[in-house]
Structure formats: C-alpha cells, structure tokens
Amino acid sequence: MATTMLFETAFAKINLALHVRRRRDDGYHDIETVFAFAQAGDALSAELADEVCLTLTGPFGAVLAVDEADNLVLRAARAVQQSFGIKAGAHLTLDKRLPVASGIGGGSADAAAALRLLARLWGLDPSDPRLMTIAELLGSDVPACLGSVTGWADGRGFPVQPVEAQGLSDTPLLLVNPGVAVATGPVFRAWDGVDRGPLAADASIEAACAGRNDLQPPAISLAPVIGELLALLADTAPRLSRMSGSGATCFALYESLAARDTAAAMVAARHPDFWTLATALR
Ligand code: C5P
C-alpha cells in the first residue's frame, strides 16, 4: 500500500521586540513581545507507521539527540497520541536547518510543526483546543509557533493575540548566528531586574524600532560575540537589527532584497564561521 508523505515547515520565529517586565515566583518571567515568523525554517515530514519514530537529517541534525525525554517533536507526538487516544504511529523526519538553542524557535517551532503535521496525518481538527494545551505544556514559545503568524503576547509568552503585520510581510530578513549556543534559562537569570516599560501591541516597523530586547544585554554579558555581531549588522543600513529571543541569533530587516544580500555577503566575508540565512518575513 502506498503511504502518503505530508510536509510542514517549522518557520523560524523572531521576537521583533521583547520586554522583560517582572520575575515571577514560578521561575518564569512576565514578558511582552511581538512575534514574527520567517518564511524559512526546519522541514518536517511524516508518514503513517505502526510506532512513532523520528529521523534527524540536515546540517544541524547531528546536534540533536533523538531522546524521548528531551526531543520536543517526539514529546509532541506522544502528547497528541495520549490526549486524543490515537493508536496509529508516524515516521517523522526532521531536516534540521536552523541552529539549535539559538533564539529563533528551533525546538519550539519543530514541536509546533509536529502538532500541525500530526493533526493532518491522524485526521484531527486543527482547531481542537487540546493542541494548544499541549503546545503550552511543551514550552513558552510553542503556542506562538503553532499559529506562526505575527502576534503580541504577555505573561510567559502566551496566549498570543494575532496583530496585523503592518507592511511587514515579505520584508527582506537576514538571520545570523555567531556560532554560540545560548540556553534560555541562564539569559533570563542574568537579566538585571529593571522594568524598562511596556511594549505596544502593534506590529509596525516603527513600533518594533521603538521597542527593545531586554534579553540582549544579559545575553551579550554571557556571549560577548553577540555584541560584535550586532555592531556589524548595524553597519549594513538595516531598517531594524536586534537579537531574537534569548539569542544568540540576531536578525536584520531591510528595504530591499539587494540590501539584504549585500549585508549577507559582508557578514559571510568577515565571519565565514557565522551561520546566515537570507529569507523574508511571512
Ligand atoms: O518555557 P521554556 O521551557 O521554553 O523556557 C525555558 C526557560 O526559560 C525556563 O525554564 C525559564 O528559565 C526561562 N523563561 C523565563 N520566562 C519566560 C520564558 C522562559 O524565565 N517567559
């Protein structure tokens, strides 16, 4: 019997701005953030199988362990099976194109793509609220990645209110990672505790420019190369350049594809070891 292969993109997430407002008693922080998504990301495919299993491929595939306790795609699959009483399995293949632990969703986007893909493969209603409940249990960024549309969130990072991306769709985008993996928890813990004020629930370039990423200074203190990368990007005449999430990946938005590609070539010439991805906002 021929099996059908289904595909989903795990769109890279960026935080256009991320304000940290408060340390909470549960170990998390209250943030305010505008999420946006790249048109590119990891590629996930699946076909029906007796059991759930995962194959990793791609430039960053070897970095991730296929460990059930740890791998977010496998945890997402198990959670869907349990929550919906699914007996079928799935052979999933994750083509890992985005660097791991890098502030652009990575594992969260992969988990969210797995939820969308398995809902299709196993014939579930994609709007079933149990999928969002699973997303919330898997991680703070997974709910945003489930929809992968521009949105504003507070609290831990969900629920996400979609906001109109005012003129941002198709904006040329460059992502650069300076080759250091930065874990989210230590960056939040290194935040200085100063509330620098709220973030407007507005996804315009002006609102994003008026915002900040409050995790940038603590991330730079842990990985100074992020500061060097940001200085380099600021020299490429972007509309906006900033670190995403807890880093270390930084993003820059440009007026034109030519400006983006010139910047990408400059970064690659200066730092051949840095990872770059030239794409655009969804
Ligand atoms: O939710 P997630 O597992 O992705 O979070 C990883 C870590 O990042 C948490 O354990 C916490 O230390 C930190 N975090 C935080 N406040 C948030 C989101 C994450 O302190 N809003």
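We count ligands from 1, going down the list as the structure has it; atoms in each ligand are counted the same way.
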S.K.: Might you work through the side chain to side chain donor-acceptor pair (under 3.5 Å) test for His19 and Thr33, ending with a clear yes or no?
M.R.: CA-CA 6 Å; His19 293 194; Thr33 189; over 6 Å; no
S.K.: Return each pair, listed once, that meets salt bridge (Lys or Arg N to Asp or Glu O under 4.0 Å) where at least one residue sits in residues 252-275; pairs must be two or more places apart or across chains.
M.R.: Arg239-Glu255
S.K.: Does Asp192 have any salt bridge (Lys or Arg N to Asp or Glu O under 4.0 Å) partners at least two apart in sequence or in another chain, and if so, which?
M.R.: Arg196
S.K.: So, is the end of the Arg242 side chain (NZ or CZ) under 6.0 Å from the ring centre of Phe251 and within 45° of the ring's axis?
M.R.: no
S.K.: List the protein residues in contact with ligand 1, where contact means a heavy-atom separation under 4.0 angstrom.
M.R.: Gly27, Tyr28, His29, Gly139, Ser140, Arg156, Thr184, Gly185, Phe188
S.K.: Output all residues satisfying salt bridge (Lys or Arg N to Asp or Glu O under 4.0 Å) with Arg23, sequence neighbours left out; order by chain, then residue number.
M.R.: none
S.K.: Salt bridge check, Lys13 against Asp141: does any charged N sit closer than 4.0 Å to a carboxylate O?
M.R.: yes
